[in-house]
Amino acid sequence: MASWKDNVRRVEPYVPGEQPKVQNIIKLNTNENPYPPAPGVEAALKAFASQDIDLLRKYPDPSASALIDTIAEYYGMDSDQVFVGVGSDDVLAMAFLTFFNSEKPILFPNISYSFYPVWAELYRIPYEKQPLTDDFKINPEDYYKDNGGVIFPNPNAPTALYMKLDAVEDIIRHNQDVVVIVDEAYIDFGGTSARDLVNKYENVLVVQTFSKSRSMAGMRIGYAFGSKALIKALNDVKFSFNSYTMNATSLVAGVEAVKDKEYFEEHCKMIVATRERAKERLTELGFTFPDSKANFIFAKQEKVPASVLFEELKKRNIFVRYFKQPVIDQYLRITIGTDDEMEQLFVALKEIIDGYSI
Ligand SMILES: *Cc1c(COP(=O)(O)O)cnc(C)c1O
């Protein structure tokens, strides 16, 4: 028997949502933004192609300073309080590697971003999942116990529930001997960021992304705020792993996306407005859901099983996300699309629900 097989690192990989190859679908399954990135992004990429293509010959700036400085200025932080990576998945993976090196288990919610247990397994970090309440809330007291670190999304995914800043701070206050990571992938859709807490607590890392609120999932840009000490530790690990994480075009496009505050804020507002209308329509269609502060709604229909809705929508070329796992297998996670896409979703849902008999 080939003994090299004994030495292979075996992991159960994260399964991302489907990216169907077919055209003309309504794609509400991976929480992408339905609107294009800020116009400056397109202009900058065109200018790059026509004037700066020679930059592709060279290595990009390993410190990503143009992007870091722009993010720092936008959010009123110092540049040495900001870290960037290839999507927040890269930032989070690097943070797990950097900060979670205790023998004690790290803590995160049992219903949450399913990448957390995957990274913990990959890096052999012990972990303990903390149950949500029956109405899907994170109970801060579950995080008071001795642990090797804490991570949770706010708003949580896939529930979309937002936890108020004082509850976030309560968890941080009880965990000042470990690193606490707040994953704010969806914070721009109505929550208050924990960003300012990084000036108050040296052990807090706040992670955000360009993938959802800045319409740039394909560009792969994520970032984190933390104390200088945390950011230095992250950079030391990053430069021990891969110096050139941010490619030349991401750096240019990222800067342009951040510069256009008005476009960003306006489009976040549009998604929030569509989401609030969607809550009304879904209620009329017999759905219940935790109150979303994200760009998706986690909803359950009173009569039709989620698996049936999922398959029937798919037949109509409408993709939503369905998790075939205990506790949440009656729910669909529906990304907020344009008003037009949502209207087509509601029409399809009505047809499926009206036609359903057991
Ligand atoms: C989407 C998402 C991310 C990662 O997004 P990137 O595209 O890698 O920036 C991280 N955490 C949560 C909770 C998410 O939903």
Side-chain angles (χ1 to χ4, degrees), residues 13-19 27-34 37 64 67 71 82-97 100 106 108-120 122 129 132 136 138 150-163 168 180-191 193-194 205-225 234 238 242 245-247 250-251 253-254 257-258 264 268 271 275 290 292-298 320-323 328 331-336:
Y14 171 77
V15 184
E18 237 181 307
Q19 296 292 353
K27 194 169 176 305
L28 307 174
N29 69 333
T30 54
N31 297 344
E32 290 145 338
N33 197 307
L67 181 57
I71 293 170
V82 179
F83 179 81
V84 295
V86 187
S88 55
D89 285 340
D90 179 51
V91 175
L92 290 165
M94 208 73 80
F96 269 58
L97 183 59
F100 295 159
I106 62 166
F108 50 81
N110 64 340
I111 298 167
S112 194
Y113 190 36
S114 43
F115 228 134
Y116 301 157
V118 175
W119 287 314
L122 172 65
K129 296 180 181 181
L132 298 181
F136 290 144
I138 291 174
V150 173
I151 179 162
F152 55 89
N154 194 35
N156 195 8
T159 65
L161 267 184
Y162 167 72
M163 182 165 44
V168 172
V180 178
I181 302 176
V182 188
D183 179 354
E184 294 189 335
Y186 303 102
I187 199 67
D188 298 320
F189 302 107
S193 174
L205 194 76
V206 174
V207 179
Q208 299 186 354
T209 176
F210 283 48
S211 296
K212 281 88 184 212
S213 56
R214 284 195 167 84
S215 305
M216 286 171 78
M219 220 33 179
R220 312 305 301 129
I221 305 175
Y223 54 104
F225 302 110
L234 270 176
K238 175 203 141 163
N242 176 3
T245 54
M246 306 306 291
N247 73 66
S250 293
L251 293 174
V258 178
F264 168 65
C268 286
I271 288 171
R275 178 188 73 205
S292 169
K293 280 263 191 291
N295 69 336
F296 59 91
I297 297 176
F298 195 53
V320 297
R321 191 85 191 261
Y322 171 63
F323 301 94
I328 59 169
Y331 286 81
L332 294 177
R333 194 195 66 189
I334 304 166
T335 304
I336 303 302

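In listed order, ligands and their atoms are each counted from 1. All values derive from a computational prediction rather than experimental measurement.
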Chemist: According to side-chain hydrogen bond (donor to acceptor under 3.5 Å, both in side chains), who are the partners of Y322, at least two apart in sequence or on a separate chain?
Modeler: none
Chemist: Check whether NZ of the Lys or CZ of the Arg R333 lies under 6.0 Å from the centre of the six-membered ring of F296 and within 45 degrees of that ring's axis.
Modeler: yes
Chemist: Can you list the residues that meet the salt bridge (charged side-chain N to carboxylate O under 4.0 Å, His left out) rule with K27, with sequence neighbours excluded?
Modeler: E32
Chemist: Check the pair I297, R275 against side chain to side chain contact (heavy atoms under 4.5 Å, CB included), reporting the backbone distance first and the verdict last.
Modeler: CA-CA 8 Å; I297 297 176; R275 178 188 73 205; 4.1 Å; yes
Chemist: Apply side chain to side chain contact (heavy atoms under 4.5 Å, CB included) to A257 and list each qualifying residue two or more places apart in sequence or on a separate chain.
Modeler: V41, F210, R214, M216
Chemist: Ligand 1: which residues have a non-hydrogen atom closer than 4.0 Å?
Modeler: G87, S88, D89, L92, Y113, D183, A185, Y186, T209, S211, K212, R220
Chemist: Are the side chain of N156 and the backbone of T159 linked by a donor-acceptor contact shorter than 3.5 Å?
Modeler: no
